[in-house]
Amino acid sequence: MINKRDNMNIDVQYLAIAKSILENGTEKKDRTLTGTKSIFSAQIKHDMKEGFPLLTTKRVYWKGVVTELIWFLRGETNIKWLVENGNNIWVGDSYKNYLTNFKNDLYGSQASRLLECPTQEEFIEKIKTDDEFSNKWGELGPIYGKQWRKVGRVKKNAVAWEHGAPTHYEESYDIDQIQNAIHTLKTNPDSRRIIVNAWNVSEIGKMVLPPCHWAFELYTEELTDVERVELYKQKIGHFWLLLPLTPQHLDTQEIPKRRLSLKWHQRSCDFFLGVPFNIASYALLLEILSKEVNMVPGTLVGDLTNVHIYNNHIEQMEEQISRDPHKHKYPKLVIGNNTNWGNGIDEMLGSVLISDFQVEGYESYPPIKGELSN
């Protein structure tokens, strides 16, 4: 049975969930003391053939999506690289952590400490310019980047030959979940174990904020010969009329053989500010992984659990619901040609630029501002 939602664009799905939260949501308290209306579960689904899923009923901060995802993929856990690239979305958590420690410091009176405390703008400038300060206060703990790229160390027995005889010793290495996923996609694409998990129970207490989107899974399926031929036609235009269309020729032209789909799991979903960002971020990750393993982006699914609208976002959400979700078409993601693809995530990151990821033809309603609850 086909889910009717499969035929809905991403804005229609998003606004339907938002309306359900406002009409049927439960009033709940939260750690930020802002208060929310929330529902237990929702799912968003998008076929990447329909365009790149940037919401059109309000403008999404595209550069922020790109820089944060690259930051995750680099294995970073310090905000310095982010703020140097103009992205301050994690500053609130870092600054709050700094204020908490600053006010609890053991020198001076409380009044004098508050007078000495830098503003958030001053905090950002110190993160950019003072390495000692940023190393201490820009660090967020073992969040996404660390879990994705360096989740833990394992030991293995190794052998080195010295003077013609074997010497046994132990060595350890970091577990790189992203690179492991890429390797499995290339060598065993039908595996049911291609999962990247950021919910590391042993390190939750060390994080400034536990992962909201805590895991994602990957799934592949073979393309038909007809689908591969269509990809070939798109690649070379009308010249396909002059060339053979055999599977062997398609292989020599590196036409993808498989479709890659991604489902992410999210325990806590700030529906007005966070979820539009999450949709775009995982769509971009799906595009990056597809390009790295030479597959076609397929279906993107968001599996959402505590789906909530903060009380200070209700008016903004109502404004967005009033907008026409069919007015604008979805853009196309265009990736620059200078990046080194197919040789591992580090080779890609070593050559990629933020400007290499552009959304062509992105039209939307104006942005709607809302305060982030930290």
Side-chain angles (χ1 to χ4, degrees), residues 30-36 58-147 149 198 203-213 268 270 272-278 280-281 310-313 315-316 349 353-355 366-374:
D30 68 284
R31 66 176 176 84
T32 72
L33 305 180
T34 307
T36 68
K58 72 172 182 183
R59 198 154 192 89
V60 178
Y61 175 35
W62 174 243
K63 183 182 177 182
V65 172
V66 177
T67 48
E68 186 195 47
L69 181 59
I70 292 176
W71 183 63
F72 289 160
L73 291 173
R74 284 165 56 98
E76 301 269 4
T77 58
N78 192 295
I79 65 170
K80 183 176 175 64
W81 186 89
L82 271 185
V83 297
E84 287 176 340
N85 285 280
N87 187 336
N88 295 333
I89 61 174
W90 279 88
V91 166
D93 293 292
S94 186
Y95 183 60
K96 180 181 178 181
N97 181 52
Y98 172 69
L99 289 183
T100 300
N101 284 275
F102 189 89
K103 293 172 184 177
N104 291 335
D105 205 350
L106 297 178
Y107 70 88
S109 67
Q110 183 177 13
S112 67
R113 289 198 299 274
L114 291 175
L115 287 174
E116 295 167 2
C117 185
T119 64
Q120 183 163 304
E121 290 70 26
E122 292 170 334
F123 175 80
I124 292 171
E125 189 60 29
K126 290 199 74 173
I127 290 290
K128 290 180 180 179
T129 58
D130 186 332
D131 288 343
E132 183 178 353
F133 184 86
S134 66
N135 287 340
K136 183 175 183 179
W137 298 113
E139 181 57 46
L140 300 173
I143 61 167
Y144 300 99
K146 200 266 186 183
Q147 303 307 321
R149 301 299 313 277
E203 294 193 314
I204 291 292
K206 302 173 185 177
M207 303 177 189
V208 69
L209 184 69
C212 293
H213 44 100
S268 179
D270 175 353
F272 177 69
L273 285 181
V275 170
F277 208 87
N278 301 134
S281 181
Y310 282 99
N311 290 340
N312 59 351
H313 294 161
E315 289 185 9
Q316 294 95 320
L349 292 170
L353 301 174
I354 294 167
S355 58
I368 306 174
K369 293 186 177 179
E371 184 178 350
L372 180 64
S373 295
N374 292 116

*asked:* Test your reading of the model: is there a side-chain donor-acceptor pair from Glu76 to the backbone of Gly145, 3.5 Å cut-off?
replied: no
*asked:* Tell me the closest heavy-atom pair linking Ser94 and Gly138, and the distance in Å.
replied: OG-CA, 3.8 Å
*What residue pairs, at least two apart or across chains, pass salt bridge (Lys or Arg N to Asp or Glu O under 4.0 Å) with a residue in residues 59-72?*
none
*For Phe277 and Asp270, what are the C-alpha separation, side-chain angles and deciding distance, and is it a side chain to side chain contact (heavy atoms under 4.5 Å, CB included)?*
CA-CA 10 Å; Phe277 208 87; Asp270 175 353; over 6 Å; no
*Hey, could you give me the OG1/CD1 distance between Thr67 and Ile89, rounded to the nearest 0.5 Å?*
6.5 Å
_I need the Tyr310 OH to Leu372 CG distance, nearest 0.5 Å._
8.0 Å
_Please determine whether side chain to side chain contact (heavy atoms under 4.5 Å, CB included) holds for the pair Asn312 and Ser373, giving the CA-CA distance in whole Å, both sets of side-chain angles, and the decisive distance to 0.1 Å._
CA-CA 9 Å; Asn312 59 351; Ser373 295; 4.1 Å; yes
*Might you point out which heavy atoms bring Thr77 and Trp71 nearest each other, and give the distance in Å?*
C-CZ2, 3.9 Å
*Between the main-chain N or O of Asn78 and the side-chain N or O of Trp90, is there a donor-acceptor pair closer than 3.5 Å?*
no
*asked:* When you compare the side chain of Lys146 with that of Leu140, does any pair of heavy atoms fall below 4.5 Å?
replied: no
*Checking Thr34 side chain against Asn311 main chain: does a donor-acceptor pair fall under 3.5 Å?*
no
_Contact summary for Pro211 and Ala198, nearest pair of heavy atoms_ = CG-O, 3.3 Å
*Sub-3.5 Å donor-acceptor pair from the side chain of Asn87 to the main-chain atoms of Leu82, do we have one?*
no
_His313 side chain to Glu371 backbone, donor-acceptor under 3.5 Å_ = yes
*asked:* Taking Phe272's backbone N and O only, do any of them form a donor-acceptor pair with Lys58's side chain (distance below 3.5 Å, no angle check)?
replied: yes
*Hey, what do you get for CD (Gln316) to CG (Leu273), rounding to the nearest 0.5 Å?*
8.0 Å
*Report yes if the side chains of Ile143 and Leu209 come closer than 4.5 Å at any heavy-atom pair, otherwise no.*
no
*Would you say the side chain of Tyr144 lies within less than 4.5 Å of the side chain of Cys212, judging by non-hydrogen atoms?*
yes
*Can you spot which of Phe133, Tyr95, Tyr98 makes a side chain to side chain contact (heavy atoms under 4.5 Å, CB included) with Ile127?*
Phe133
*Within a radius of less than 6.0 Å around CD of Glu84, do more than 12 heavy atoms belonging to other residues, nucleotides or ligands occur?*
yes
*Would you indicate whether the side-chain heavy atoms of Pro142 and Gln147 approach each other to under 4.5 Å?*
yes
_Rounded distance (nearest 0.5 Å) linking atom CG of Leu349 with atom CG of Leu73_ = 6.0 Å
*Write out all pairs satisfying salt bridge (Lys or Arg N to Asp or Glu O under 4.0 Å) with one or both partners inside residues 128-141, taking only residues at least two apart or from two chains.*
Lys80-Asp131
